[in-house]
Structures are given as C-alpha cells and as structure tokens.
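As a basis for the values below, the full set of heavy atoms in this structure was taken, side chains included, without hydrogen atoms, waters or symmetry mates. By convention in this document, chain letters (A, B, ...) are assigned in the order of the sequence lines, proteins followed by strands, and residues within each chain are numbered from 1.
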Amino acid sequence: MTDIFEGLNEEQKKGVLATEGPVLILAGAGSGKTRVLTHRVAYLIQKGISPYNIMAITFTNKAAGEMRERIDNMVEFGSEAIWVATFHSSCVRILRRFADHIGYKTNFVIYDADDSKTLMKHVLKKLEIDEKRYSPKMFLNAISNAKNELMDPETFLQGAMGDFNEEKKGQVYREYQEQLRSNNAFDFDDLIMKTVELFKRDGEVLKYYQEKFHYVMVDEYQDTNTAQFELVRLLSGGRRNLCVVGDDDQSIYKFRGANIYNILNFEMHYPDATVIKLEQNYRSTKKILAAANDVIRNNNGRKEKTLWTENDEGEPISLRQFESAFEEAEFVVDDIERKARKNEFSFGQSAVLYRTNAQSRLLEECFIRENVPYRIVGGVNFYSRKEIKDVLAYLKTIDNAVDDIAVQRIINVPKRSIGQTTVNKAVMYADSCGISFYDAICDAENIPGIGSAANKLKGFVLLIQSFQSFLREGKTVPELVKEVIEQTGYVNELRLEGTDEAKGRIENIEELVSKAATYQNDAEEPTLSGFLEEVALVADIDTLDTSLERVTLMTLHSAKGLEFPNVYITGMEDGLFPNEMCMMDESEMEEERRLCYVGITRAKEHLTLTSSRMRMIRGETRFNNISCFVREIDEKNIKGDTYIPKKKPLVDPFDAPPAKESPNAELFKRAKPKNFGTKIEKNPLDYSEGDRVKHAKFGEGTVAMINDGGRDYEVTVDFDSAGTKKMFASFARLVKLN
DNA sequence: CACAGGTCTCTTTTT
DNA sequence: GAGACCTGTG
C-alpha cells in the first residue's frame, strides 16, 4: 500500500485522520476533496476496518466510478466490497431487497421524468382536471417538492388547510401515488422518500443497515435535499461516523430541492462535529481564482472562506463581446482551433459552457462547419429519445407488464391499428375490474364494446408472450433487444423512411443493443430487470469520456466537478446568465452567482468569457447587456480583447450605444457597474403606488410600494393570483393598466 | 384509424 | 424555433 499521507497538505491530512464522529469538510473548488475522501477510505482500510462496513455516496455514477477506481489504486484488495454508489442507486439496491416491507413488489420499475409526466396526464384525466388551467408540470413540481421534504399525500392534504389549490394538489398527489403503486413503479423522488419510509417503518431493516455501515461518507453534500439528509442521518445513525464533504458556494441545485441549510447548519444538527476547511486550490491560476473570489464574495449567507493557490499568476481572464450569438460561436470555435494549432491547448483540453441547453445548437453548427471535433453533454438524454424509450417500453412490458405507461406507449407502435378509442375502452374495463391495463387486454373479448379490435389486442398480447418465452429459453438481453426490433418491425419501418433522422434513430437503437451487450458481459447476474434498472439511473455526465480528443460542450450545471485547462463561458449576459427568471429574487440571484463561480473555477489555465449584444431566445430577438457577474470581477483580473465588429452595428431598439471599433476602454466602459445597461436604464416609472399593473408572468396586480434602489427602482406588487412579489422595475417590465 | 397541417406553449438548470 | 397537442379529412 502506498503512503496514504504523501503529498497531502495539513488540512487534507486532518480530513483523512478524522474518522470518528461527525465530520464536515468544507472543500473549496479544486481543493482536492475527492482526494481526501479516497485517502480517507484507504486509511480506514489500512486501520483494519472491513471494506464491507464502509459506504460512500455520490450524486452521479461517474463520481462513484471514479472514486472506486481511485480507491482501488490505493488499496491492495477489498475495494469492491465498499458500497460506493449514488443516492438513487443505493436506494434502488435497498428497495430491491425490502420494497415488499412497504407494500411494493421488489421487481418494481423506475419512472423517469417523461413517464411521470405521462402518468400525471392520466391522473388529471381521471380526476377530470383541465390541463389547460392546471398544467401537469405544476402538479409534478408540487409533488416533487413534497417528496423531497418527505411529505406524503395525507400530510400534504392536512397542510392544505382548506386552501382550494393546495387541496387539489393533494388530491392529485394521492391519486398519482396510488397509480404509481398499482403500476409497481417508483419515480425518482420516491426512491429516496420510500427508502426513508422503509427505514422509519421497519426498525429491523434500519438496524441491519446501521450495523453494516460503520463509516458513511457523502460527497457534494451541499446538493442534498431534506429526504437525502434524513436518509444519511438514518444510515449513519448506528455509529455516527458520518463524514460529509461539500462547498456551500457550489450549491446549484436548489431548483431540484437541494437544501443549502443541510451544509450551512451541519454543526447545528451535529454539535460535536469536527469542521475542516480546505482552502488551498490546486487547480487554477491566481488570476482565475481571484476572479472567482471577486464574484462569489458578493453573496451573503455563506461560510466565510477564501481560496488561495500557489499556482502561477496566469493570464487575466479574456472578455469578448459580439454583435450576435452567431459571431460569438464562430469566435469560440476559431479560438479553440487556433489554440490547438499553436499547441497551446488540444481539443480535449477545451470546454465550452453555457447557461441553457438551447445555446448549444448554434455552437454545434459552428463546430460541424469548422470541422472541429466536439461532444455535447446533456440536452436530450440518450435514454429519453423516442426510439430508445419505445424499445425500453417493450422491454419493460416483457419484464413486468404491470407498468401501464409502458404498455400503452407501445401498444400501437409501430402502427397496428389500435387507436385511442380502443385503448380508452380497455382502460375503463381495467379500472372497473381493478386489474392492470395489460391484464385487461389479455382478456380482450370481455371488454365492452370492443368489437373487432379484440383480435388486434390479442395479436399484441401474443407478440409480448412470444418475447417472454424467447427470454425463458435462456436468451440474453442483447438477443432479446434484437428480437424485439426485428419482430415488431420497428427498425424496418425506420429503414423505409430513409431520412437522415430515421438513420440517426437506427444508430441509436444499435447503440442500445451494444449497451445491452456490455451489460450482459459486465453484470454478475445479468437479467432483463437488472438492465432496465441500470438504464433508468444513468445521467448524461456518466458517459463522458474525457480521454477523447474532443471539445466538450455542456451546461454550467453539468460542468460541476470537472476541470479543463481552457474554458469558455458563453452567453455572459443579463437575462440569460443570470437568467431573467432569477433576477427578481435575491436568493435565486445568489444561486446564479454560485453557478458563475462553479463555471469560473472549472478553468485551470485559461478562461474566456463571451457575450453577445443580440440573441434569439425562443424565437424572439433580445438585446442584452454584459452580465452583472462580469462587472463584479476586478478590472485587474480581466481584460477585454480588442473588439472589431465584423458588420456595421445593428440598430438597437433600446438605443444602446453602438459597438465601436475601439479596444478595451470602450468595452469596459459599458461593462462597468455604473452603466447598469441601456434597456434597464433608470427611467422614471409611469406607474406609482396604488396603480394597477400587469406582469407578463404573474398577471395583474396592484403596486404596493416603490423604493429607489439606486441603480433601479425596487417595486413591490400584490398580484391577484401570484401573491406579493418584489422586483426590479427594469426587469419586471410592468405595464400600467387603464 | 391514420395522417397532415395548424396552433399553442415553452425552457433554466437534472439525479 | 421545436415539440406537443388538436382538428379536420380521407
């Protein structure tokens, strides 16, 4: 075994040594937190702790895989016995064993966001709720939030206190849960919540795990939600050797229920906690780090810490503003090409980050045109592509026909003349008999008013049964996948289409076959359920292979945890980043700022920030100012390159100063905080307190208060239906009524 | 029942 | 600008 403490700094050593009791490691970006975690595990094993008693939880499979690999390199044997897994896969593993203790079968299926949405639509239909007035998304959000807070439908309903909308949400939640159960399915949030429920309801099971896990470690702790907090608390409740690692400045998943107070208040939950701060950064240059600190310093409510580094001074950050998003994309690709040619940074060393997935399209087109190799992380997840979901729905149906959503998805795909009316009749029959949809169509001839469609349903059932017996003959998962796409004529249909799109779909299906083959080879005991499960829990980032010499394109969110020598953050514009939706709320603004901090700290040697004055967003041309985050960076840490507009400046309807053929000085003048932007220049308001106004998103309301906030007016409005909101006048774009 | 063509909404981020 | 959804026609 290698010397565990070699090359660690004092604080890192402390983190490795503090094995007993609760420990909070506040690890700044690039401070070697994964290193501490892996060395800590190695140290535990060296001390004689059985690997079987160690658990490490991460958020992504990629992080879990990397951790295991690094531990494996350090210890001689036993690393495979350590429980290293994501929150979700850990819960699946537990539920596969004990789900029957809480009224589910252990061969449950896992619903992704898409499946949940489909199910929600069924629920709304059943409860006769008008989708137009109440969007499925709204309910799904409410349910997800409730689950993240461990609130079951009954508690939710009690909390509604007669509020009409809350009651409605509660009823939908209840029905949604009932349908999940009858489909023997868990959605993503259930996996965590139901595991906690299992632990709370069944002391024996909890005790089993508490006695198993003597040492529990959690990575990226700042992203945990309340349910995950509770899960961790319970799991580590035996010996209380809980070590959490995280950085409150990198908490960027509030929208997904992450509770930043889990980390901020760790010492309140565990008063005897040892707290260790890792502040030395090994990743970035001094300039990049200084810029990151310049930005994050503007947040309140954070644990005070300042990252420092012994690395080189480095180049100041580059700032570029362009007339259009097209020019911006062109510049980024050209610059990457140029740097690759000069052997400064290879393609694989460069990454392009953006706030929204939609921004990737323009960039992608440029990469293709310039013939620069690239890869995009995220966007449409491989497993959420239509053709993949279709094939998977077949597999789910073959595996467990209890899942109505899967069966209904493919009953008429490819077309076999089973229309909506027939499906509806079967649904009604299933409901009235209290059986599953699949069981209903197995009994097709008894469905009232079914007529000649019965034969078609029978045909479908026979098809599924033939697959099931195919599997029983001992055929493997990849063989089954091939059989399905052949027998159903799915690929054939695509082949006949002959379009590029269809070809792409066929390629994707072939990719799925090879994924099945890989699974068949790698899994200890390959089963169809096992394959479906693995597939349900992969994130886009998991498949990122950084060894390929390609430029990586991804959102700032996906970039967390990664590092690249040469990084571009594009779309540094007010309204885009920080996003318009977040600019009205201080805490959301802080989250955006943390996201910016995450982005900046991905860069090791060179960082370029770009923005465009004009951009199409949702088919609408927008004129944006340079992001306020850029303005927070001290002038000495950033330099605006000479900017020569390629075209005549376009006329800006908001009367922005035209981009001049002038170097830094002019660019900077516009980027200074003083000039908060042209569109948002402080204009006298045409409404005053007491006036009726209209907001694009919140509807109509009454102005309650107007405060002069310096650069802008802060307006408080009581909206008729959206409640009271405080917002900046320039962004709110309130329109006076009457 | 299938398909074509129109309308509507939306996106900020995702395990 | 794209995808989801609806409607009318064959």
Side-chain angles (χ1 to χ4, degrees), chain A residues 57-64 85-92 110-114 116-118 121 131-132 135-138 140-141 144 147-148 186-193 219-220 223-225 227-228 251-258 353-362 377-381 383-386 412-424 451-453 456 501 536-542 554-561 571 575-583 585 588-589 591-592 594-596 598-599 615-621 696-697:
Chain A
I57 312 180
T58 63
F59 271 86
T60 65
N61 296 303
K62 185 172 188 281
T86 65
F87 271 103
H88 290 89
S89 57
S90 296
C91 289
V92 170
I110 301 162
Y111 275 6
D112 66 13
D114 219 61
S116 300
K117 197 175 160 199
T118 312
K121 287 183 180 172
E131 269 188 46
K132 292 275 148 50
S135 74
K137 212 173 156 184
M138 185 269 291
L140 286 168
N141 268 333
S144 177
K147 288 181 176 179
N148 288 335
F186 291 116
D187 67 15
F188 275 129
D189 299 315
D190 274 342
L191 293 175
I192 316 285
M193 181 178 77
D219 195 12
E220 306 280 13
D223 290 330
T224 51
N225 60 35
Q228 287 159 337
S251 165
I252 54 173
Y253 284 108
K254 188 180 155 206
F255 72 94
R256 213 170 62 193
L353 312 180
Y354 35 81
R355 178 67 236 268
T356 68
N357 273 311
Q359 288 166 254
S360 67
R361 215 196 78 242
L362 211 51
V377 177
V380 184
N381 182 313
Y383 292 104
S384 43
R385 286 161 208 264
K386 183 184 173 300
N412 198 30
V413 176
K415 304 261 179 304
R416 40 179 86 86
S417 299
I418 300 173
Q420 201 53 53
T421 2
T422 308
V423 171
N424 286 345
S452 60
K456 291 171 182 154
E501 197 199 333
L537 295 174
V538 289
D540 293 309
I541 197 73
D542 296 337
M554 64 189 147
T555 62
L556 288 149
H557 281 88
S558 305
K560 199 183 61 167
L576 184 63
F577 185 37
N579 197 276
E580 198 167 26
M581 310 225 154
C582 308
M583 293 182 80
D585 180 290
E588 285 185 58
M589 237 350 232
E591 177 134 325
E592 292 285 294
R594 290 193 290 269
L595 191 56
C596 183
V598 167
R615 181 182 303 273
M616 266 287 240
I617 297 174
R618 274 188 283 154
E620 191 191 343
T621 306
K697 184 174 156 200

* Name the closest nucleotide to the Glu588(A) side chain, picking from dG1(C), dT15(B), dT12(B). => dT12(B)
* Asked: What integer distance in Å separates Asn141(A):CG from dT11(B):C1'?
  -> 12 Å
* **Toward the 5' end of DNA chain B, by each residue's nearest nucleotide, Gln420(A) or Ala113(A)** => Gln420(A)
* To do: Please tell me which of Lys456(A) and Glu592(A) maps to the more 5' nucleotide of DNA chain B, matching each residue to the nucleotide holding its nearest heavy atom.
  => Lys456(A)
* Ring centre gap for His557(A) and Tyr253(A) strictly below 6.0 Å -> yes
* Length of the line joining Lys254(A):NZ and dT13(B):P, which is rounded to integer Å -> 17 Å
* **Whole-Å gap separating C1' (dC10(B)) and CD1 (Ile617(A))** => 13 Å
* Given dT12(B), is OP1 or OP2 found less than 4.0 Å from the side-chain N or O atoms of Thr555(A)? -> no
* To do: Return the nearest nucleotide to the side chain of Met581(A); candidates are dC1(B), dT11(B), dT14(B).
  => dT11(B)
* Is the phosphate of dC3(B), meaning OP1 or OP2, less than 4.0 Å from a side-chain N or O of Lys415(A)? -> yes
* Within this structure, what is the CE-to-P distance between Met554(A) and dT14(B), rounded to whole angstrom? -> 11 Å
* **From dT12(B), dC1(B), dT14(B), nucleotide with atom closest to Cys582(A) side chain** => dT12(B)
* Under 4.0 Å between a Lys/Arg side-chain N and an Asp/Glu carboxylate O for Arg355(A) and Glu592(A)? -> yes
* Structure fact -> Phe577(A) CZ to dT11(B) C1', in whole Å, measures 16 Å
* Asked: dT12(B) P sits how many Å from Arg361(A) CZ, rounded?
  -> 16 Å
* So, are Asp223(A) and Arg256(A) salt-bridged, with charged N and O less than 4.0 Å apart? -> no
* Asked: Base, sugar-phosphate, or nothing: which does Thr422(A) touch, judged by heavy atoms less than 4.0 Å apart?
  -> sugar-phosphate
* Which whole-number value in Å describes the distance from Met583(A) CE to dT12(B) C1'? -> 14 Å
* Does Phe87(A) lie flat on the base of dT15(B), that is, centres under 5.5 Å apart and planes under 30° off? -> no
* Asked: What about His88(A), does its side chain sit under 3.5 Å from the base of dT15(B) through a donor-acceptor pair?
  -> yes
* Asked: Of all the nucleotides listed (dT14(B), dT13(B), dC1(B)), which has the minimum atom distance to the side chain of Ser558(A)?
  -> dT14(B)
* Quick one: is dT14(B) close enough that its OP1 or OP2 comes under 4.0 Å of any side-chain N or O from Asn357(A)? -> yes
* Please work out if Phe59(A) contacts a base, only the sugar-phosphate, or nothing of the nucleic acid, heavy-atom cut-off 4.0 Å. => sugar-phosphate
* Asked: Below 6.0 angstrom between ring centroids: does that apply to Phe59(A) and Phe87(A)?
  -> yes
* **Whole-Å P distance, dA4(C) and dT13(B)** => 15 Å
* Asked: Does any N or O in the side chain of Asn412(A) come within less than 3.5 Å of the main-chain N or O of Ile418(A), such that one atom is a donor and the other an acceptor?
  -> yes
* Asked: CD1 of Ile252(A) versus P of dT13(B): gap in Å, rounded?
  -> 13 Å
* To do: Mind checking Asn412(A) for me? I need base, sugar-phosphate or nothing, with any heavy atom below 4.0 Å counting as a touch.
  => sugar-phosphate
* Using only side-chain N and O atoms of Lys137(A), determine if any of them is under 4.0 Å from OP1 or OP2 of dT9(B). => no
* To do: Would you check, one step at a time, whether the test salt bridge (charged side-chain N to carboxylate O under 4.0 Å, His left out) holds for Lys254(A) with Glu588(A)?
  => CA-CA 9 Å; Lys254(A) 188 180 155 206; Glu588(A) 285 185 58; 5.5 Å; no
